[in-house]
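Shown next, in structure tokens, is the structure this report addresses.
Since the structure is predicted, the reported quantities are computational estimates derived from the model, not experimental observations.
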Amino acid sequence: QVQLQESGGASVQAGGSLRLSCVASGPLYSRNCVAWFRQAPGQEREGVAGVYTVDGDTYYTDSVKGRFTVSQDNVRTTSLQINNLKPEDTAMYYCAARVSGATADCYSGFLKADFAYWGQGTQVTVSS
């Protein structure tokens, strides 16, 4: 059984930076595809970044490219570096994991939010 725990959320001013962390437990083979999603009040959940840990392939939604960086820090921790924060980045950020046989499958899961395991979320609030 995989468990995910996010941390690093905070209230910050626009232009600032945050680093979110997702610490996973459970078999590595069950979580080789990790992604970050966010959901603002009244909005649908949105995938923002993902990584296929087998080969390091990364994926980003267009609105965050250049500002968000996802990285696999070690076998348990996946981080999301967020720079130049904007008020529209305000949301609950969730880490998710699944097993994927190839990067294409991981990316497909990212697009569909099709993940088996989810964390509880960490809140990011950006003020202007």
If hydrophobic clusters are built from ILVMFWY residues whose side chains come within less than 4.5 Å, do [X] and [Y] share one?
X      : Y     : value
Phe110 : Tyr93 : no
Tyr59  : Val54 : yes
Leu85  : Met92 : no
Val51  : Tyr60 : yes

Mutual orientation of the aromatic rings belonging to Phe37 and Phe115 [parallel < 30°, tilted 30-60°, perpendicular > 60°]: perpendicular

Mutual orientation of the aromatic rings belonging to Trp118 and Tyr94 [parallel < 30°, tilted 30-60°, perpendicular > 60°]: perpendicular

Contact summary for Phe68 and Asp89, nearest pair of heavy atoms: CZ-OD1, 3.9 Å

Which atom of Cys95 lies closest to which atom of Leu4, heavy atoms considered: O-CD1, 3.6 Å

Check whether any side-chain heavy atom of [X] lies under 4.5 Å from a side-chain heavy atom of [Y], and answer yes or no.
X     : Y     : result
Val23 : Gln3  : no
Arg31 : Thr78 : no
Ser63 : Glu46 : yes

Looking at [X] and [Y], would you say the former's side chain and the latter's main chain have a donor-acceptor pair under 3.5 Å?
X      : Y      : answer
Glu6   : Gly121 : yes
Arg67  : Asn84  : yes
Gln120 : Gln5   : no
Asn32  : Thr53  : no

Result of checking Leu80, Val64, Leu20 against Val70 for side-chain contact (heavy atoms from CB on, under 4.5 Å): Leu80

Pair Asn83, Ser17: side-chain N/O donor-acceptor within cut-off below 3.5 Å: yes

OH (Tyr107) with more than 12 external heavy atoms under 6.0 Å: no

Reported CD-to-OG1 distance for the pair Gln123 and Thr90, which is rounded to 0.5 angstrom: 7.5 Å

